[in-house]
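Atoms within each ligand, like the ligands themselves, are counted from 1 in listed order. All values reported here derive from a predicted model rather than from experimental measurement.
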Amino acid sequence: MTWNSGYVTDVVYTTGYYEEQSPSRIALSCLLGNVAPGFGRRSDRLTYLEMGCGRGRGALCLAASNPDWRVIAIDFMPAHIAEARELAEEAGIDNIEFLEADLATLDPNTLPEVDVASAHGVWSWVSDEVRAGIVRILASRLRPGGALHLSYNSLPSWQGALGLQRLIHTAGRRIGGRSDRQAEGALKLVESLGAAGAYHLDQADLVRTLKKNLPNMPPEYVAHEYMNDDWRPCFHADVAAALADAKLDYVASGEILENFPELMLSEEQRAVWKGIEDPGLRELAKDFCLARGLRHDVYVRGPRRISSGARNAALNDLHLMLARRPEDFVYKVDFPAGHAALERSFYEPVVEALGQGPRRVGDLLSLPGLAGKRENPAELVGMLVGTGQAAIMTRPEAGSGEAAGRLNDRIATRVLQGDSPHGSLASLRLGSGMRCSGDHYVTASLIRRLGVDSPIEQWPAAIGMPADSPAYDQFLKAAEATRHSQTPVWTQAGII
Ligand SMILES: C[S@@+](CC[C@H](N)C(=O)[O-])C[C@H]1O[C@@H](n2cnc3c(N)ncnc32)[C@H](O)[C@@H]1O
């Protein structure tokens, strides 16, 4: 067996940002699960650990957005760690350490005690030995009261697609060569079998969706998702049982909206679900009802139940900002349980107030006309943050954040050189990132350099794009549209 123990290591993974990994979101999940976020009071001096950090963009964004934190990010692929360290150095982010280490064998004593840990897209893609290593690290280094975010491919959603993964993995291995080429070749076989009416490629929703979407995904993504020897989707109860060895208890979903059964389950499903006492069985029943294939779980080492008064006080104390322009706010939203309309008489004044600047949740709930109407901060925060239309601000009064600006600019330069465009803009005020695409990095960086009102015609030259470039007109159009829609949001977040 080589050092990679059957994990794909001959191509680097894609970049991405997942807000579920951010401590402020993890703390919100804890509150929604009626548990005190044990790390809340020290939010300015957290030690954060990411296990299986890939190319490190998420960890870097958190480090740049929280200069007083200590961030440690581990991955066993030297190419990932080398790239992440290079970017940290270029951007002058010095509160992060990237460790090249195998989670299966890493001595936990080499790590400090951590307040919050996260492993996104790792647990169901690695071997039993690596999972055991993750539990060992958590058992030894996650402090009492500390929290874990863990995502994994879940069962039963994936049961219909187990065969699809085996087909891609086996066909790819027979083809040989680099893993992304293997994945591309295997997808051609999937396509041919699908076109020929193969029964099991048409039986499950997830298989049908994957069959349609996978050919449009970056091959390196497909390789890391499907070409690992030990990939195995998991039942929640089995994950929870493994983590119990680290004295961790499941407290809530990291997907904010999943903590609201009335949005996720139909009335009939809720009636059955409510009758179930056992928490593990409850989650299994929920997993039988929901079509999603990836679970985001939040666990706490020694959860302490919180009274509803203390919970509401903590929620009321959160600051929110709108993550889009007020005119782009969406009042009709699709949830698994059906469509829901965000009641205009309640949400319109909230959106209007947030359009003027960040607000404390408690202040929003006391806006004229709303006081006494809704005393449930959980619903307000859950709907706004869960639908991605508002973001939690951990430092609403802070300046723009030099480290965050440097990181955003460095990534913009890389995007212009053709680097993977997916990620997030770091923000000191948010204390986390704002998910974005490549052109957002570039536009934000140009606004920072040239000013928000600078003539757009100056922008192409500033990025070295000649006027006769075939991309010129398209660039101007896209940049203007992004400037128009994002300026109010980025200004509030201190990104520009
Ligand atoms: C699917 S990727 C997810 C990466 C990142 N969390 C993200 O979501 O972008 C899984 C990551 O786990 C890393 N990994 C796999 N096995 C590992 C091990 N034994 N020790 C450390 N890292 C490992 C891989 O190198 C890869 O970067």
Side-chain angles (χ1 to χ4, degrees), residues 1-22 25 48-63 71-85 87 96-108 110-111 116-138 148-153 158 165 168-169 179-180 183 214 217-234 254 293-297 411 419-424 433 435:
M1 194 52 98
T2 55
W3 64 269
N4 59 3
S5 316
Y7 187 90
V8 166
T9 49
D10 54 351
V11 282
V12 297
Y13 192 51
T14 50
T15 60
Y17 180 76
Y18 309 94
E19 41 270 290
E20 295 85 356
Q21 296 190 274
S22 155
R25 286 283 296 256
Y48 178 88
L49 170 68
E50 181 172 2
M51 295 170 283
C53 64
R55 292 165 65 181
R57 295 285 172 86
L60 265 170
C61 178
L62 286 176
V71 176
I72 299 160
I74 302 173
D75 203 282
F76 78 159
M77 273 182 69
H80 285 170
I81 294 297
E83 178 186 324
R85 280 184 186 169
L87 184 53
I96 190 161
E97 295 146 70
F98 283 104
L99 305 182
E100 183 206 317
D102 188 333
L103 293 162
T105 52
L106 174 71
D107 175 0
T110 57
L111 299 172
V116 184
S118 173
H120 174 69
V122 180
W123 188 264
S124 37
W125 286 265
V126 295
S127 65
D128 286 343
E129 289 73 24
V130 182
R131 281 190 278 267
I134 291 173
V135 175
R136 209 165 32 243
I137 291 168
L138 293 167
L148 166 73
H149 157 267
L150 188 91
S151 70
Y152 52 95
N153 280 159
W158 273 89
Q165 190 274 343
I168 297 173
H169 185 265
S179 301
D180 51 345
L214 283 179
M217 303 279 194
E220 61 273 25
Y221 167 83
V222 183
H224 277 261
E225 297 293 312
Y226 293 86
M227 294 305 301
N228 295 316
D229 292 348
D230 288 298
W231 174 83
R232 189 173 357 126
C234 314
L294 184 75
R295 274 189 68 112
H296 286 276
D297 287 1
I411 298 178
D419 199 351
S420 168
H422 305 289
S424 65
R435 206 191 272 229

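When the side chain to side chain contact (heavy atoms under 4.5 Å, CB included) test is applied to Ala119, the partners found at least two apart in sequence or on another chain are Met51, Val122, Leu150. Partners of Tyr7 according to the side-chain hydrogen bond (donor to acceptor under 3.5 Å, both in side chains) rule, which considers only residues two or more places apart in sequence or in another chain, are His224.
Taking distance alone, with nitrogen or oxygen atoms compared against 3.5 Å, Val122 stays at or beyond that limit from ligand 1. For the pair Val126 and ligand 1, the shortest N or O to N or O distance does not fall below 3.5 Å. At least one N/O-N/O distance between His120 and ligand 1 falls below 3.5 Å. Considering both main-chain and side-chain atoms, Asp102 comes within under 3.5 Å of ligand 1 through a nitrogen or oxygen pair. Of the polar atoms of Gly52, at least one N or O is found under 3.5 Å from an N or O of ligand 1, judged by distance alone. Between His80 and ligand 1, an N or O atom pair is found at a separation short of 3.5 Å.
Proximity of Ala101 to ligand 1, defined as any heavy-atom pair under 4.0 Å, is confined to the backbone N, CA, C and O atoms. Neither the backbone nor the side chain of Arg55 has a heavy atom within less than 4.0 Å of ligand 1. Of the heavy atoms in Tyr18, only side-chain atoms (C-beta onward) come closer than 4.0 Å to ligand 1. Heavy atoms from both the backbone and the side chain of Asp75 come within less than 4.0 Å of ligand 1. With a 4.0 Å heavy-atom cut-off, ligand 1 is reached by no atom of Arg57. At a heavy-atom cutoff of 4.0 Å, ligand 1 is contacted by the side chain of Val130 but not by its backbone.
For ligand 1 and Met77, the ligand atoms under 4.0 Å from any heavy atom of the residue are 25 (O). Annotation for ligand 1: atoms under 4.0 Å from non-hydrogen atoms of Glu50 are 6 (N). Atoms of ligand 1 found under 4.0 Å from any heavy atom of Gly121 (numbered from 1 in listed order, with element): 1 (C), 2 (S), 3 (C), 10 (C).
Using a 4.0 Å heavy-atom cutoff, Tyr7 is listed among the residues neighbouring ligand 1.
Of the possible donor and acceptor atoms, one in the side chain of Arg85 sits under 3.5 Å from a partner among the backbone N and O of Phe98. At distances below 3.5 Å, at least one donor-acceptor pair connects side-chain atoms of Ser124 with backbone N or O atoms of Asn153. With hydrogens and angles disregarded, no donor-acceptor distance shorter than 3.5 Å links the side chain of Asp230 to the backbone of Val126. Proximity of a side-chain donor or acceptor of Glu220 to a complementary backbone N or O of Tyr13 within less than 3.5 Å is not detected. No side-chain donor-acceptor contact under 3.5 Å links Asp102 to the backbone of Phe76.
The protein heavy atom nearest to atom 20 (N) of ligand 1 is Leu103 N, 3.0 Å.
Across His120, Arg295, His296, a single residue satisfies side chain to side chain donor-acceptor pair (under 3.5 Å) together with Ser151, and that is His120.
Proximity annotation for atom 16 (N) of ligand 1: of Tyr13, Phe76, Trp3, Phe76 comes nearest, heavy atoms only.
A distance of 8.0 Å separates CD1 in Ile137 from OG1 in Thr110, rounded to the nearest 0.5 Å.
A salt bridge is defined here as a Lys NZ or Arg NE, NH1 or NH2 lying under 4.0 Å from an Asp or Glu carboxylate O, and Glu83 with Arg57 meets this definition.
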Test log, rule side chain to side chain contact (heavy atoms under 4.5 Å, CB included), inputs Asp128 and Arg232: CA-CA 10 Å; Asp128 286 343; Arg232 189 173 357 126; 2.7 Å; yes
